[in-house]
Amino acid sequence: MHNMSEQLGRRKMEDPEVIIGSLNPNDTRGKTVTCKAAVAYGPGEPFVVERVLVHPPQKMEVRIKILFTSICHTDLSAWQGENEAQRAYPRIFGHEASGIVESVGEGVNDMKEGDLVVPIFNGECGDCKYCKCEKTNMCERFGVDPMKKVMASDGATRFSTMDGKPIFHFLNTSTFTEYTVVDSACVVKIHVDGDGDLNPYIKRLTLLSCGVSTGVGAAWNTADVHFGSAVAVFGLGAVGLSVAEGARARGASKIIGVDINSDKFIKARAMGITDFINPRDDEKPVYERIREMTCGGVHYSFECTGNLNVLRDAFLSAHEGWGLTVILGIHPSPQLLPIHPMELFQGRRIVGSVFGGFKGKTQLPHFAKECMDGVVKLDDFITHELPIEEINKAFDLLTVGKSLRCLLHF
């Protein structure tokens with residue numbers, strides 16, 4: 001097994017859209033780096049691609065050279081400022097990426113310069129009561145926190161404008177930048193075997209930072225979908241289709257996709273969906289239609305939209321007695337669950353899932369290997385590739401529903 005930077009440094013990359021150069025950490029270690037980043041200066045304002053300063057990693061931190069980053073709906077809603085309490089500007093968004101360790105701070109022993117890594121928004125310190133509990137993937141100090149905007153160690157940022165003004169962090173990661181600094185608890189080292197072309201491998205790994213891990217993990221870890229089961233997926237974005245892919249890999253016999261955009265069905269069928277429902281095509285409630293299709297309801301339903309009305313449909317589409325509904329959508333509304341407590345006595349259950357239940361640092365490397373071995377098919381999730389200078393176009397593609405994942409490179 002070779003050091004990743006050595007492999008990339010000696011390999012000629014023939015794809016003109018992929019920019020992966022040689023990396024010599026000795027040139028930048030311990031220094032402030034000037035690099036390109038997409039900075040948001042206000043809710044919904046166009047991103048400004050400009051030069052920024054990225055300061056060296058401090059104790060238990062890692063500086064990463066980002067190779068690829070992609071856009072998730074969480075980035076979209078945060079950029080739009082849907083939750084006013086979470087707003088902080090200027091800010092570098094982004095939380096799906098793959099990259100190479102450029103340098104590490106004091107105390108980091110589980111990775112080194114040149115390692116291939118993916119940042120994760122839901123960290124794993126390994127020491128807290130949550131990390132030591134097999135029943136959860138929460139982390140007391142480095143769990144997902146949309147309010148967090150500075151580093152944990154000193155309450156400062158590692159980004160600044162060229163004139164020295166701080167730029168805030170996002171979801172433990174901030175990947176819309178050529179270099180980023182993250183806590184070591186939020187970085188996962190991925191092992192690479194062989195000397196083949198690493199480009200396709202690295203591109204796919206980007207998806208494991210959030211969307212694919214969240215969806216597949218919800219099917220595998222949270223729901224534990226079983227062979228021959230019936231599944232309903234509400235919302236056919238990247239997370240929803242990842243659920244479908246996870247259910248397909250587990251041998252589900254019927255996977256019903258629900259979305260108001262019928263154009264998604266062609267793509268969805270290729271990714272595991274067997275049946276499609278557009279709620280606008282019939283006045284009959286979606287859950288009634290699903291019950292008719294499945295002799296009373298599905299074993300597992302997954303809500304991937306962040307809409308309370310959809311959540312109720314998902315809950316009622318699960319079979320009485322044993323049906324399980326998994327919540328994956330982010331719900332900005334202050335309204336509570338649209339479920340009466342007495343309805344739970346009918347045997348249906350409901351649970352939330354964060355990052356697919358994966359403990360990032362300990363479990364994601366094995367999941368990455370399964371993906372690379374073809375257990376989970378990743379290629380169809382990448383629908384567009386653009387340079388970082390076209391990040392505003394990439395957000396437009398996601399907003400209008402034309403992309404699942406758009407990869408950005410520097």
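Note that the structure is predicted; figures quoted are calculated from it, not measured.
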May I ask you to decide whether [X] forms a salt bridge with [Y], counting only side-chain N to carboxylate O separations under 4.0 Å?
X	Y	result
Glu245	Lys377	no
Asp110	Lys189	no
Arg289	Glu292	no
Lys149	Asp145	no
Asp396	Lys393	no

Next item on the list: Give the intermediate values and the outcome of ring pair (Phe, Tyr, Trp, His ring centres under 6.0 Å) for residues Tyr287 and Phe315.
Entry: CA-CA 8 Å; Tyr287 72 86; Phe315 177 74; over 10 Å; no
Note to self: Using side chain to side chain contact (heavy atoms under 4.5 Å, CB included), reason through Lys359 and Glu124 one step at a time and then give a plain yes or no.
What the structure shows: CA-CA 7 Å; Lys359 286 182 178 289; Glu124 181 186 356; 3.6 Å; yes
Note to self: Cation-pi check for Phe410 against Lys36: NZ or CZ below 6.0 Å from the six-membered ring centre and within 45 degrees of the axis, yes or no?
What the structure shows: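 Cation-pi check for Lys36 and Phe410: fails.
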Could you tell me whether the side chain of [Y] reaches within less than 4.5 Å of the side chain of [X], counting heavy atoms only?
X	Y	value
Arg250	Asp224	yes
Arg248	Thr274	no
Ile64	Val62	yes
Thr206	Arg204	no
Thr325	Tyr300	no
Ser153	Lys59	no
Pro119	Thr175	yes
Phe276	Asp259	yes

Quick check: does any side chain N or O of [X] sit under 3.5 Å from a backbone N or O of [Y], one acting as donor and the other as acceptor?
X	Y	answer
Ser333	Asn307	no
Asp115	Ile190	no
Arg291	Leu316	yes
Asn278	Arg280	yes
Glu61	Gln58	yes
Asp183	Ala185	no
Arg29	Ser103	no
Thr383	Leu404	yes
Asn221	Ala218	no
Lys361	Ser184	yes

Does [X] have its ring centroid less than 6.0 Å away from the ring centroid of [Y]?
X	Y	result
His299	His226	yes
Phe176	Phe170	no
Phe367	Trp220	yes
Phe168	Tyr89	no

Give, for atom [atom1] of [X] and atom [atom2] of [Y], the distance between the pair rounded to the nearest 0.5 Å.
X	Y	atom1	atom2	value
Ile71	Ile391	CD1	CD1	5.0 Å
Cys35	Leu53	SG	CG	8.5 Å
Ile273	Lys264	CD1	NZ	11.0 Å
Tyr179	Ile100	OH	CD1	9.0 Å
Leu236	Phe234	CG	CZ	10.5 Å
Asp380	Leu241	CG	CG	9.5 Å

[X] to [Y] - nearest heavy-atom pair and separation:
X	Y	result
Tyr201	Leu116	CE2-CD2, 3.9 Å
Ile120	Phe355	CG2-CZ, 3.8 Å
Leu324	Ala318	N-CB, 4.1 Å
Leu386	Cys406	CD1-SG, 3.8 Å
Val298	Ala230	CB-O, 3.4 Å
Arg63	Gly30	NH2-N, 4.2 Å

Next item on the list: Kindly write out the residues that satisfy side-chain contact (heavy atoms from CB on, under 4.5 Å) with Asn172, not counting sequence neighbours, or none if the list is empty.
Entry: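 side-chain contact (heavy atoms from CB on, under 4.5 Å) check on Asn172 returns Lys148, Cys186.
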Next item on the list: Test Ile167 against Val52 for side chain to side chain contact (heavy atoms under 4.5 Å, CB included), laying out the working first.
Entry: CA-CA 9 Å; Ile167 301 174; Val52 301; 3.8 Å; yes
Item checked: Thr74 versus His95, side-chain donor and acceptor atoms under 3.5 Å ->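 No, no side-chain donor-acceptor pair sits under 3.5 Å.
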Item checked: Exercise: do Ser403 and His384 side chains pair donor with acceptor under 3.5 Å ->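 Per modelled atom types, Ser403 and His384 side chains form no pair under 3.5 Å.
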Notebook entry, point to check: Of Ser209, Ser213, Ser70, which meets side chain to side chain donor-acceptor pair (under 3.5 Å) against Glu96?
Noted result: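 It is Ser70, the one option of Ser209, Ser213, Ser70 that forms the side chain to side chain donor-acceptor pair (under 3.5 Å) with Glu96.
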Note to self: I'd like to know whether CD1 of Ile330 has more than 12 heavy-atom contacts from other residues, nucleotides or ligands below 6.0 angstrom.
What the structure shows: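 No, CD1 of Ile330 has 12 or fewer neighbouring heavy atoms, counting only those of other groups under 6.0 Å.
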Next item on the list: Determine the interplanar angle of the His319 and Trp322 rings, folded into 0 to 90°, and report it as parallel if under 30°, tilted if 30 to 60°, perpendicular if over 60°.
Entry: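 The rings of His319 and Trp322 lie parallel, inter-plane angle below 30°.
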Notebook entry, point to check: Using the ring of each side chain (for Trp, its six-membered ring), is His409 parallel, tilted or perpendicular to Phe68, with breaks at 30° and 60°?
Noted result: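 Ring orientation of His409 relative to Phe68: perpendicular.
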Next item on the list: Could you check Lys129 against Met138 for side chain to side chain contact (heavy atoms under 4.5 Å, CB included), going step by step and ending with a plain yes or no?
Entry: CA-CA 9 Å; Lys129 62 182 179 181; Met138 291 177 62; over 6 Å; no
Check: Are His169 and Thr157 close enough, and set up right, to give a side chain to side chain donor-acceptor pair (under 3.5 Å), and what steps lead you there?
Finding: CA-CA 7 Å; His169 295 253; Thr157 72; 5.0 Å; no
Check: Stepwise, does the side chain to side chain donor-acceptor pair (under 3.5 Å) test hold for Ser301 with Glu303?
Finding: CA-CA 7 Å; Ser301 65; Glu303 184 278 312; over 6 Å; no
Margin query: So if I apply the side-chain contact (heavy atoms from CB on, under 4.5 Å) rule between Thr69 and each of Leu408, Thr180, Asp75, which one comes out positive?
Written below: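 Going through Leu408, Thr180, Asp75 one by one, the side-chain contact (heavy atoms from CB on, under 4.5 Å) with Thr69 is satisfied by Leu408 alone.
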Note to self: Apply side chain to side chain contact (heavy atoms under 4.5 Å, CB included) to residues Ile256 and Val231 and explain how you reach the verdict.
What the structure shows: CA-CA 6 Å; Ile256 303 169; Val231 173; over 6 Å; no
